[in-house]
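A short worksheet on the structure shown next.
In this text the structure is predicted, and so the values were computed from the model without any measurement. Positions are given from 1 along the sequence.
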Amino acid sequence: MAIRIGICGAGGRMGRNLIAATREQEELVLAAALERPGSSLIGVDAGELAGEGAIGVTVTDDLPAVLPQLDVVIDFTLPDATVANVQACAEAGVAMVIGTTGLDDEQKRHLRDASARIPVVHAANYSVGVTLTLSLLATAARALGDDYDVEVVEAHHRYKIDAPSGTALRMGEVVAEALGRDLRDCAVYGREGQTGQRDSKTIGFETIRGGDVVGDHTVMFLGLGERMEISHRASSRMTFARGAVRSATWVREQAPGLYDMEDVLGLRSG
């Protein structure tokens with residue numbers, strides 16, 4: 001039986017790619033497309049959003065009404081909307097794949113609470129390449145240790161509203177954990193003026209916004225006499241959409257819990 005997918009944020013850049021990625025997979029069916037209340041897209045055929053022509057699924061703003069028709073909800077929206085959506089899915093027993101970034105600690109707590117009732121995949125980035133990059137970063141950080149300074153540089157399109165990106169923060173977290181640090185204590189977000197000598201235990205972040213950059217991330221390990229860089233560059237949002245759809249296929253078969261792309265790809269050790 002086909003897995004019935006609902007997409008929250010269907011009218012956004014990622015949402016349109018998610019519609020197309022869902023329809024690529026024979027084992028999936030797009031059963032619902034959702035947008036925020038008051039959106040001008042309410043009533044529009046979801047296929048038209050993805051440039052495929054009418055498919056008979058119209059955009060709605062009523063998630064609770066369509067949840068009985070769904071097996072998995074994919075949510076790439078905004079933090080407050082995601083919290084409301086995950087609570088509705090938990091009550092209905094519908095699994096979720098969440099790609100929303102910029103969630104604060106309290107909003108992440110809501111995801112953890114919901115994951116006691118339903119399986120939830122939450123990742124800052126659904127690219128297979130980024131997931132493998134995170135593993136490489138952990139290995140590099142453990143090998144290089146505290147003798148190397150760490151800087152994270154990321155670039156995205158002009159429309160992105162959170163900074164640094166969720167992916168950049170996750171990269172910083174992975175490096176910090178490998179070095180026995182807490183990113184909340186050692187992160188430095190941009191520099192200006194007379195900053196003084198660099199603290200060797202900090203992890204720096206630089207953010208670039210402009211044009212139509214899909215997503216570039218580079219982590220620099222800078223030592224005395226050499227520099228190593230680990231980079232990932234995305235050229236299409238379909239990379240992320242296909243990873244999220246792959247996660248939706250996987251999460252449907254899981255027990256309640258909070259998962260990420262390492263789990264989806266079978267990379268979790270221990």
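With rounding to the nearest 0.5 angstrom, the CG atom of Asp105 is 11.5 Å from the NE2 atom of His110. Taking CD1 of Ile7 as the start and CD1 of Ile19 as the end, the distance is 5.0 Å to the nearest 0.5 Å. We find the NZ-NE2 distance between Lys108 and His122 to be 7.0 Å, quoted to the nearest 0.5 Å. Atom OG1 of Thr218 sits about 12.5 Å away from atom CD of Glu206, to the nearest 0.5 Å.
Between the side chain of Ser39 and the backbone N or O of Arg36, no donor-acceptor pair lies under 3.5 Å. A side-chain donor-acceptor contact under 3.5 Å links Arg16 to the backbone of Gly11. Remark: side-chain polar atoms of Asp260 are paired, donor with acceptor, to backbone N or O of Asp263 under 3.5 angstrom. For the pair Thr239 (side chain) and Ser236 (backbone), a donor-acceptor distance under 3.5 Å is present. Side chain of Arg4 to backbone of Ala31: no donor-acceptor contact under 3.5 angstrom is found. At distances below 3.5 Å, not a single donor-acceptor pair connects side-chain atoms of Asn17 with backbone N or O atoms of Ala241. Listed for the Thr22 side chain is a donor-acceptor partner under 3.5 Å among the backbone atoms of Leu18.
Pairs passing the salt bridge (charged side-chain N to carboxylate O under 4.0 Å, His left out) check and including a residue from residues 113-138, sequence neighbours excluded, read Arg109-Asp113.
Under a 4.0 Å N-O distance rule, the pair Glu154/Arg209 qualifies as a salt bridge. Under the 4.0 Å criterion applied to side-chain N and carboxylate O atoms, Asp146 and Arg181 are assigned as salt-bridge partners. The residues Asp149 and Arg198 are annotated as salt-bridged, a charged nitrogen and a carboxylate oxygen being separated by less than 4.0 angstrom. Of the charged side-chain nitrogens involved, none lies within less than 4.0 Å of a carboxylate oxygen, so that Arg227 and Glu151 do not count as a salt-bridged pair.
Two residues are said to be in side-chain contact when any heavy atoms from C-beta on lie closer than 4.5 Å; Asp61 and Leu34 fail this criterion. You'll find the side chain of Ile74 reaches within 4.5 Å of the side chain of Ile5, heavy atoms only. Counting only heavy atoms from C-beta outward, the side chains of Cys8 and Val73 approach each other to under 4.5 Å. Proximity of Glu177 to Leu179: side-chain heavy atoms (C-beta onward) are nowhere separated by under 4.5 Å. Side chains of Asp62 and Pro64 form a contact here, defined as non-hydrogen atoms less than 4.5 Å apart. Using a 4.5 Å heavy-atom threshold, the side chains of Val72 and Ile3 count as touching. At least one side-chain heavy atom of Thr131 sits under 4.5 Å from a side-chain heavy atom of Glu262.
Judged purely by distance below 3.5 Å, without hydrogens or angles, the side chains of His217 and Ser231 never pair a donor atom with an acceptor atom. Between Tyr148 and Glu226, the side chains place a donor N or O and an acceptor N or O closer than 3.5 Å (distance only, hydrogens not considered). Between the side chains of Thr82 and Thr77, at least one donor N or O sits under 3.5 Å from an acceptor N or O.
Closest heavy-atom contact between Ala88 and Leu63: CB-CD2, 4.2 Å. Taking each heavy atom of Ala163 and Thr207 in turn, the nearest pair found is CB-CG2, 3.8 Å. Of all heavy-atom pairs between Met261 and Ala123, the closest is CG-CB, 4.0 Å. Closest of all the heavy-atom pairs between Ile42 and Thr60 is CD1-C, 3.8 Å.
Between Tyr126 and Phe76, the ring planes lie tilted relative to each other; the angle falls in the 30° to 60° range.
In this structure, Tyr159 places its OH atom where only 12 or fewer heavy-atom neighbours from other residues, nucleotides or ligands lie under 6.0 Å away. Atom CG of Asp104 is surrounded by more than 12 heavy atoms from other residues, nucleotides or ligands within 6.0 Å. Other residues, nucleotides and ligands contribute over 12 non-hydrogen atoms within 6.0 Å of the CD atom of Glu27. Annotation: Arg252, atom CZ; neighbour count of heavy atoms from other residues, nucleotides and ligands within 6.0 Å does not exceed 12.
Note on Val57 and Leu28: same hydrophobic cluster, where clusters join Ile, Leu, Val, Met, Phe, Trp and Tyr whose side-chain heavy atoms are under 4.5 Å apart, directly or indirectly.
Applying the side-chain hydrogen bond (donor to acceptor under 3.5 Å, both in side chains) criterion to Thr58, with sequence neighbours excluded, gives no partner residue.
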Run the side-chain donor-acceptor check on residues 132-141: report pairs under 3.5 Å with partners two or more places apart or on a different chain.
unit_1: Thr133; atom_1: OG1; unit_2: Gly129; atom_2: O; d: 2.8
unit_1: Thr139; atom_1: OG1; unit_2: Ser135; atom_2: O; d: 3.2

Please determine whether salt bridge (charged side-chain N to carboxylate O under 4.0 Å, His left out) holds for the pair Glu173 and Arg184, giving the CA-CA distance in whole Å, both sets of side-chain angles, and the decisive distance to 0.1 Å.
CA-CA 9 Å; Glu173 288 172 349; Arg184 291 173 294 186; over 6 Å; no
